[in-house]
Amino acid sequence: MSNKFLEQLTRRVLYLDGAMGTQIHALDLDLETDYLGKENCTEVLVLTRPDAIQQIHENYLAAGSDAVETDTFGGMPHVLCEFDLQDRCREINRRACEIARAACDRYSTEDKPRFVIGSTGPGTKLITLGQIDWDTLFASYREQALGLIEGGADVILLETCQDLLQVKCAVNAVVDAMAELGTQPAVTPEDDGVPIMVQVTIEQQGTMLAGTDIASAAVALSGFPICSLGMNCATGPTDMAEHIEYLAKHWPRHISVLPNAGLPTLVEGETVYPLGPESYAEVMARFVEQYGLNIVGGCCGTSPAHIEALVAVVRDRAPTKPDKQPLPAATTSLYTVTDHDQDMSLLNVGERCNASGSRAFKRLLEAEDWDAMVSLARDQVREGSHVLDVNVDYAGRDNAADMSMIVHKFVRQVDAPLMLDSTQPATIEAGLKQAAGKCIINSANLEDGEEKFAVMCRLAKTYGAALVLGTIDEDPEEAMARTADRKLSIAQRMHDLAVNRYGLAEEDLFFDPLVLPISTGMDKDRRSGLETVEGVRRIAEALPNCQITV
């Protein structure tokens, strides 16, 4: 059974709707009877004025929209609690989908089905700034997703995303909700499930609100089960051109663009958007042709007239297919991308923020001198470290709490990707819940068999991280691979498990062939150096898309 939405995307450009909020505010509804006294809570209107919401949907469908977004932008419990509606979250989201479905059913035909897009916004709290924690945010998005899926949403859209960590949390919450309801994310037309779309908001300064550039967002989200990545809100289409161009060149899946009708200005106390329908349609049509956009529509200030003008210009053309260059094999900080292949150097991993190997860092950890630890991390970056290893494994302390605190501090104040280093999965996960960028997990191996290896692979998959794999297995006589033959054999076994069973990308695997001492005076150690060099060579030849770390 194919996915109709994704199937349509392979044939032609799909049109979403425009600004739900703009259309609602133009209705001048009553604060007490329609909003129940809950000012600015447009979601309550699906309970009190479903007729008004359905009419807005129908206006966009009549203008040519293939899909309409539900009136659920702030429909998560952590937002609805501001209006004492958190207990009605699922009801509101379910009802919003039913209203949108009724509108779509009126306009759907066999040749041109119309789709319900379950909208979920960024909320009112930024997780990277510590305004909300991962578990609370996860539970909130999960509850909303349950309502949207139960209501029959064809697609789930995470839109106006301002914080990359919020995106990662929300995607995982939606996937978890899908699993409870017996479905899954659909990424290709052959997948039977519900597609997840993500749209970030790039501000005028050229980054997301939390500071992430479009390249970092693309790299960090590439491992997640999303069918498209795009942008909406903040600016008009012209200001998005540079970022759209990057996605067009590098993002391997569908791209959506829903700009505002230009940058808003205040005219006699009212917000006015300068781009009229024809001007808006002209720019967007050029983007469709030039960048191969699959999904287009509008955000703030865009009316049914804007969509109608856009449809009139673009019509049913199939999306163009610009030449693609693969996303780089890379990890990211909150802000920028760090390629695994450095042009002028090896990828240097700074290891001074390691309680197991640095007495200075261990003393700072004992004193809980977080600012000094940040300074130590910054020093390593200045001295040439591309990635920072963070290890807080220290007997007698709450390692997970320490990892959570340190990563929370480092993420915002140190512009380098993090390698989270621990033997304890719970400690690794605590750090991953604080890291907006794409991390490296250090490490996994087969010493305890495939069960613990699976735990580490699942963490990497869930949080979109790369993974260090040490050439160690269950052999009771020689767990740590000493010969090149065993180093390669264990590496190939781990590669097959990580890629084929757990779905990790080859370029995100770092093989550690183990550097063993040669100065012990023991015969068994005399060839260790040669075997390591040969092991590196053979792993590099056999697994050329993977990385090697020593």
Side-chain angles (χ1 to χ4, degrees), residues 133-135 137-139 141-142 145 164-165 167-187 191 193 196 198 219-226 329 331-332 390-391 393 399-400 403-404 407 417-474 490-512 543 546-547 549:
D133 64 79
W134 175 284
D135 293 341
L137 193 65
F138 181 96
Y141 277 114
R142 185 181 186 279
L164 204 53
L165 189 54
V167 180
K168 294 163 70 173
C169 183
V171 170
N172 276 300
V174 172
V175 172
D176 196 68
M178 288 181 180
E180 178 174 323
L181 297 176
T183 188
Q184 59 189 349
V187 179
D191 295 337
I196 302 173
V198 171
V219 169
L221 297 177
S222 61
F224 287 85
I226 59 179
T331 43
T332 81
V390 181
N391 184 314
D393 285 357
N399 300 150
M403 182 68 88
S404 180
V407 173
L418 301 180
M419 177 181 280
L420 306 184
D421 184 356
S422 177
T423 60
Q424 305 167 58
T427 301
I428 296 287
E429 186 165 23
L432 292 169
K433 287 181 176 181
Q434 294 286 350
K438 179 178 178 180
C439 295
I440 304 171
I441 296 174
N442 186 11
S443 62
N445 57 60
L446 293 167
E447 183 176 15
D448 297 318
E450 293 185 8
E451 186 174 346
K452 186 174 180 182
F453 182 84
V455 171
M456 291 305 210
C457 286
R458 290 190 184 110
L459 283 177
K461 185 66 176 176
T462 297
Y463 294 93
L467 183 61
V468 175
L469 302 172
T471 53
I472 308 172
D473 69 5
E474 313 94 325
I490 295 172
Q492 289 177 318
R493 179 185 168 196
M494 291 190 295
H495 170 275
D496 291 344
L497 288 169
V499 173
N500 299 325
R501 184 176 297 181
Y502 301 111
L504 300 184
E506 284 189 304
E507 59 268 22
D508 288 338
L509 303 181
F510 285 75
F511 286 101
D512 180 355
L543 304 172
C546 301
Q547 322 301 324
T549 181

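The first residue in the sequence is number 1, and the count goes up from there.
At least one side-chain heavy atom of Phe453 sits under 4.5 Å from a side-chain heavy atom of Leu469. The shortest distance between side-chain heavy atoms of Asp473 and Asn445 does not fall below 4.5 Å. Side-chain contact between Leu446 and Leu497 is present, with heavy atoms from C-beta onward closer than 4.5 Å. The shortest distance between side-chain heavy atoms of Val407 and Leu432 does not fall below 4.5 Å. You'll find the side chain of Phe511 stays beyond 4.5 Å of the side chain of Thr549, heavy atoms only. Counting only heavy atoms from C-beta outward, the side chains of Pro425 and Leu459 approach each other to under 4.5 Å. Residues Ser443 and Leu467 form no side-chain contact, since every pair of their non-hydrogen atoms from C-beta on lies 4.5 Å or further apart. Looking at heavy atoms from C-beta onward, Ile490 lies out of side-chain contact with Ile472 at the 4.5 angstrom threshold.
Using a cutoff of 4.0 Å between basic side-chain nitrogens and carboxylate oxygens, Lys438 and Asp508 are scored as salt-bridged. With salt bridges taken as basic N to acidic carboxylate O contacts below 4.0 Å, one links Asp135 and Lys433.
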Notebook entry, point to check: What's the verdict on side chain to side chain contact (heavy atoms under 4.5 Å, CB included) for Leu221 and Leu164, showing C-alpha distance, side-chain angles and the deciding distance?
Noted result: CA-CA 9 Å; Leu221 297 177; Leu164 204 53; 3.9 Å; yes

Next item on the list: Assess whether side chain to side chain contact (heavy atoms under 4.5 Å, CB included) is satisfied between Val390 and Asp421, documenting all intermediate values.
Entry: CA-CA 6 Å; Val390 181; Asp421 184 356; over 6 Å; no

Next item on the list: Tell me, with the steps shown, if Lys452 and Glu447 meet salt bridge (charged side-chain N to carboxylate O under 4.0 Å, His left out).
Entry: CA-CA 9 Å; Lys452 186 174 180 182; Glu447 183 176 15; over 6 Å; no

Margin query: I'd like to know whether Ile440 forms a side chain to side chain contact (heavy atoms under 4.5 Å, CB included) with Val468, so could you lay out the CA-CA distance, the side-chain angles of the two residues, the decisive distance to 0.1 Å, and finally the verdict.
Written below: CA-CA 7 Å; Ile440 304 171; Val468 175; 3.8 Å; yes

Margin query: salt bridge (charged side-chain N to carboxylate O under 4.0 Å, His left out) for Arg493 and Glu450? Distances and angles first, verdict last.
Written below: CA-CA 10 Å; Arg493 179 185 168 196; Glu450 293 185 8; 3.2 Å; yes

Note to self: Asp191 vs Gln184, test: side chain to side chain contact (heavy atoms under 4.5 Å, CB included). Steps then yes/no.
What the structure shows: CA-CA 9 Å; Asp191 295 337; Gln184 59 189 349; 5.7 Å; no

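Remark: Arg501 CZ to Asp496 CG distance equals 10.0 Å, nearest 0.5 Å. Atom CG of Leu165 and atom OH of Tyr463 lie 9.5 Å apart (nearest 0.5 Å). Atom CE of Met456 sits about 13.0 Å away from atom CE of Met494, to the nearest 0.5 Å. Glu507 contributes atom CD, which lies 12.0 Å from atom OG1 of Thr331 (distance to the nearest 0.5 angstrom). In this structure, CD in Gln492 is found 9.0 Å from NE2 in His495, a value given to the nearest 0.5 Å. The CE atom of Met419 sits 6.0 Å away from the CZ atom of Phe510 when rounded to the nearest 0.5 Å.
Nearest heavy atoms, Ala400 versus Ala430: O-CB, 3.4 Å. Residues Ile226 and Val187 come closest through the heavy atom pair O-CG1, 4.0 Å.
Ser422 and Asp393 share a donor-acceptor pair across their side chains, judged by distance under 3.5 Å alone. Between the side chains of Asn399 and Gln424, a donor-acceptor pair is found at a separation under 3.5 Å.
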For a quick test of your reading: what N or O donor-acceptor pairs under 3.5 Å do the side chains of residues 169-181 make, sequence neighbours left out?
residue, atom, partner, partner atom, Å
Asn172, ND2, Lys168, O, 3.0
Asn172, ND2, Thr462, O, 2.9
Asp176, OD2, Arg142, NE, 2.5
Glu180, OE1, Arg142, NH1, 3.3
Glu180, OE1, Arg142, NH2, 2.2

